[in-house]
Amino acid sequence: MVAVTAALIGFFAFVIMRVTTPQMTTLFTDLSTEDSSAIVKELERQAIPFELRNDGAAIMVPKDRVTRLRMKLAEGGMPKGGGVGYEIFDKSDALGTTSFVQNINHLRALEGELARTIRAIDRVQAARVHLVLPEKPLFSRETPEPSASIVLRVRGALEPQQIRAIRHLVASAVNGLKPQRVSIVDEAGALLADGASNDADAALGDDRRVAFEKRMRKEVEDIVSSVVGAGRARVQLSADFDFNKITQTSDTFDPEGRVLRSSQTREESSLTADNSGQVSVNNELPGNQNQDNAARAKDQSKKSEETNNYEISRTTKTEVTEAGRVNRISVAVLVDGSYAKNEKGEMVYQDRPKEQLDRIAALVRSAIGFDQKRGDQVEVVNLRFAEPPMTTPIAEPTGLLGMLQFTKDDVMYVIELGVMMLLGLVVLFMVVRPLVRRIVATDAMPSLGGAAAAPAFAEAHAGDGAAGGTGQALLPGSGSSAAAQLIDVAQIQGQVHAQAVHRVGELAERNPNETASIVRQWLSEPAEH
């Protein structure tokens with residue numbers, strides 16, 4: 001009985017503790033040893049129950065307190081991510097610290113802050129950053145360029161734009177660091193960025209081309225899906241880009257648009273004389289008044305010259321064509337046919353008419369800005385898809401039905417409670433109830449042993465009553481219900497009397513000598529009146 005009672009107490013204690021234990025959920029995962037130790041210390045200080053999983057990398061807390069705990073721990077700067085940030089300067093002694101130690105702490109803080117920022121990117125689980133910031137040598141004109149190396153632990157694979165984003169992020173945070181000087185390696189040792197590529201324009205051009213193709217593909221797919229149905233069209237688009245940068249200068253002259261800049265006029269006159277006489281000294285003397293030998297004018301000329309300078313209209317044009325021109329676009333559109341039910345109710349495939357395909361092709365040309373001179377191509381083909389038509393998704397219930405939806409954890413918790421209650425009921429009815437009935441029956445038998453002679457006494461008095469004519473009514477005013485109760489009591493007392501007699505017989509059989517001595521003693525005793 002003691003063992004059964006202890007087992008029952010332990011079982012019900014386990015059930016009660018299991019039912020009253022709060023449902024645990026994840027507080028943080030992938031924690032470092034330092035962060036896990038700090039969080040556990042804070043939880044113990046606040047007397048909050050918790051569980052450690054994965055060797056302390058994951059911490060479980062009650063589900064109803066996880067949001068408040070995350071905000072409270074974030075207020076205290078936890079988790080820190082296993083690195084040291086600028087908080088390293090909060091408790092440092094600036095008076096007794098050398099410049100070398102300060103520089104090392106600054107480098108550690110910068111690396112820790114960059115690692116925390118990189119971990120905020122999707123798919124990045126952990127990051128470690130190493131910076132090389134060389135000092136400028138004395139008496140040197142050239143300054144060594146800084147460099148950086150990053151080790152990442154990722155979930156899945158990083159996209160090219162994410163890798164470039166990490167490189168530019170680190171380069172922007174470090175003075176003088178170029179993105180080309182940043183090397184990135186994943187946890188498997190794969191080189192994601194070698195840090196030696198100087199063709200940044202090519203990488204930028206690839207991004208522009210990919211973004212352009214993605215945008216155009218989405219536009220074409222949206223407009224085609226609105227005609228043939230969602231999921232019934234496949235679009236592939238390829239764009240040929242020219243990433244050459246061209247600078248062109250041209251001069252244009254306009255002969256009609258002339259303007260007078262300067263004008264110059266010049267006039268000349270000349271006179272020629274004929275001397276008929278001989279040449280002599282007298283003729284050459286001044287004041288010679290000899291009329292006969294006088295020179296007479298024979299020829300006279302005039303000359304006029306005018307010079308006009310004009311400015312001709314001139315236009316100088318310089319054109320700079322940036323990289324990323326679209327040379328050609330090719331689009332391939334594959335559409336599924338239509339499905340209809342026949343007389344038997346079966347889905348039957350039907351090809352789309354050519355007129356509809358031509359209209360779809362016209363829509364695609366308008367969407368991509370089709371240019372025949374540029375060499376663009378558009379092909380729309382109707383073929384049957386391998387998979388059956390998409391079924392209409394089931395609408396999620398809203399309102400009260402939406403509120404009654406349970407998560408997997410809720411369902412498991414309810415199942416666990418149901419199993420515990422079922423086990424409790426089984427133990428209650430299969431163990432506790434029979435045990436209690438047995439204890440009550442054992443306690444009631446001694447108390448009823450003294451009333452074993454009651455039936456005989458009742459029968460004797462009943463006979464006397466019958467002889468005297470008063471045995472018809474045992475109690476005055478008793479009815480049929482009272483008689484039924486007395487009959488039940490008599491049956492119970494008769495059963496108890498039979499059990500007592502049976503026990504006395506068993507005792508007499510086991511101990512005949514003692515029974516014989518008791519009977520002799522009874523016979524030798526005088527009768528009492």
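Computed from a predicted structure; not experimentally measured. Atoms considered below: every heavy atom in the structure, side chains included; atoms not considered: hydrogens, waters and symmetry mates. Residue numbers run from 1 in the order of the sequence given.
With sequence neighbours excluded, the residues that form a ring pair (Phe, Tyr, Trp, His ring centres under 6.0 Å) with Phe212 are Phe241. Contacts of Arg328 classified as side chain to side chain donor-acceptor pair (under 3.5 Å), with partners at least two apart in sequence or in another chain: Ser330.
For the pair Glu379 (side chain) and Val333 (backbone), a donor-acceptor distance under 3.5 Å is absent. With Gln162 contributing its side chain and Glu159 its backbone, the two residues share a donor-acceptor pair below 3.5 Å. Side-chain atoms of Asp376 do not come within 3.5 Å of backbone N or O of Gln372 as any donor-acceptor pair. A donor-acceptor distance shorter than 3.5 angstrom exists from the side chain of Glu111 to the backbone of Leu131, with no hydrogens or angles considered. With Ser226 contributing its side chain and Ile223 its backbone, the two residues share a donor-acceptor pair below 3.5 Å. Using a distance-only test at 3.5 Å, with no hydrogens or angles considered, a donor-acceptor pair links the side chain of Asn382 to the main chain of Val335.
Between Val154 and Gly156, the shortest heavy-atom distance links the atoms CG2-O, 3.7 Å. Of all the heavy atoms in Leu177 and Pro146, the pair that sits closest is CD1-O, 3.1 Å. The two residues Ile48 and Phe50 make their nearest non-hydrogen contact at O-CD2, 3.4 Å. Shortest non-hydrogen contact noted between Ala115 and Ala127 is CB-O, 3.6 Å. Of all the heavy atoms in Ala193 and Ile163, the pair that sits closest is CB-CG2, 4.1 Å. In terms of heavy atoms, Arg167 sits closest to Arg181 at NH2-N, 4.5 Å.
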Verify side-chain contact (heavy atoms from CB on, under 4.5 Å) between Ile329 and Val331, making sure each step is shown before the conclusion. CA-CA 7 Å; Ile329 300 177; Val331 183; 3.9 Å; yes

Report the C-alpha separation of Arg217 and Glu219 in whole Å, then their side-chain angles, then the decisive distance to 0.1 Å, and conclude whether the salt bridge (Lys or Arg N to Asp or Glu O under 4.0 Å) test is met. CA-CA 5 Å; Arg217 186 185 303 110; Glu219 293 179 358; over 6 Å; no

For Arg209 and Asp240, run side-chain contact (heavy atoms from CB on, under 4.5 Å): C-alpha distance rounded to whole Å, both residues' side-chain angles, the deciding distance at 0.1 Å, then the answer. CA-CA 8 Å; Arg209 180 179 58 82; Asp240 182 14; over 6 Å; no

The test is side-chain contact (heavy atoms from CB on, under 4.5 Å); show your working for Thr265 and Thr307 and say whether it passes. CA-CA 6 Å; Thr265 303; Thr307 302; over 6 Å; no

So Thr318 and Thr247, side-chain contact (heavy atoms from CB on, under 4.5 Å) or not? Walk me through it. CA-CA 7 Å; Thr318 302; Thr247 302; 4.2 Å; yes

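Counting heavy atoms from C-beta outward, Arg155 and Val124 have side chains that stay 4.5 Å or more apart. Residues Leu152 and Ile166 form a side-chain contact, since some pair of their non-hydrogen atoms from C-beta on lies under 4.5 Å apart. Inter-residue side-chain proximity for Thr26 and Val66 is flagged as unmet; no heavy-atom pair is nearer than 4.5 Å. Here the side chains of Arg53 and Met60 are in contact, with some heavy-atom distance below 4.5 Å. The side-chain heavy atoms of Val185 and Ile150, taken from C-beta on, include no pair separated by under 4.5 Å. Residues Glu267 and Glu305 are not in side-chain contact: their nearest non-hydrogen atoms beyond the backbone lie 4.5 Å or more apart.
Expressed to the nearest 0.5 Å, how far NE2 of His130 lies from OG of Ser149 amounts to 5.5 Å. How far CD of Gln350 is from OH of Tyr339: 11.0 Å, rounded to the nearest 0.5 Å. Between the CG atom in Leu133 and the CG atom in Leu110 there is a gap of 7.0 Å [rounded to 0.5 Å]. Annotation: the span from Leu27 atom CG to Arg70 atom CZ amounts to 6.0 Å, rounded to 0.5 Å. Interatomic distance, Ile39 CD1 to Leu69 CG, rounded to the nearest 0.5 Å: 10.0 Å. In this structure, OG in Ser338 is found 8.0 Å from CG in Asp351, a value given to the nearest 0.5 Å.
A 6.0 Å sphere centred on CD of Glu306 holds more than 12 heavy atoms belonging to other residues, nucleotides or ligands. Atom CG of Asn342 is surrounded by more than 12 heavy atoms from other residues, nucleotides or ligands within 6.0 Å. Within 6.0 Å of atom CZ in Arg234, more than 12 heavy atoms from other residues, nucleotides or ligands are found, so the atom counts as buried in its surroundings. Other residues, nucleotides and ligands contribute at most 12 non-hydrogen atoms within 6.0 Å of the CD atom of Glu142.
For Glu145 and Lys178, the salt-bridge test passes: some basic side-chain N is under 4.0 Å from an acidic carboxylate O. With respect to Lys41 and Glu44, no salt bridge is recorded, no charged nitrogen being found less than 4.0 Å from a carboxylate O. The pair Arg266-Glu268 counts as a salt bridge, with a side-chain nitrogen and a carboxylate oxygen less than 4.0 angstrom apart. A salt bridge is defined here as a Lys NZ or Arg NE, NH1 or NH2 lying under 4.0 Å from an Asp or Glu carboxylate O, and Glu213 with Arg215 fails to meet this definition. Ion pairing between Glu319 and Lys317 holds under the 4.0 Å rule for side-chain N and carboxylate O. With respect to the salt-bridge test (charged N to carboxylate O, under 4.0 angstrom), the residues Arg45 and Glu42 qualify.
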Using a 3.5 Å cut-off and no angle test, enumerate the donor-acceptor pairs between side-chain atoms of residues 355-371 and protein atoms at least two apart in sequence or in another chain.
residue: Asp358; atom: OD2; partner: Lys354; partner atom: NZ; Å: 3.2
residue: Ser366; atom: OG; partner: Ala362; partner atom: O; Å: 3.1
residue: Asp371; atom: OD1; partner: Lys373; partner atom: N; Å: 3.2

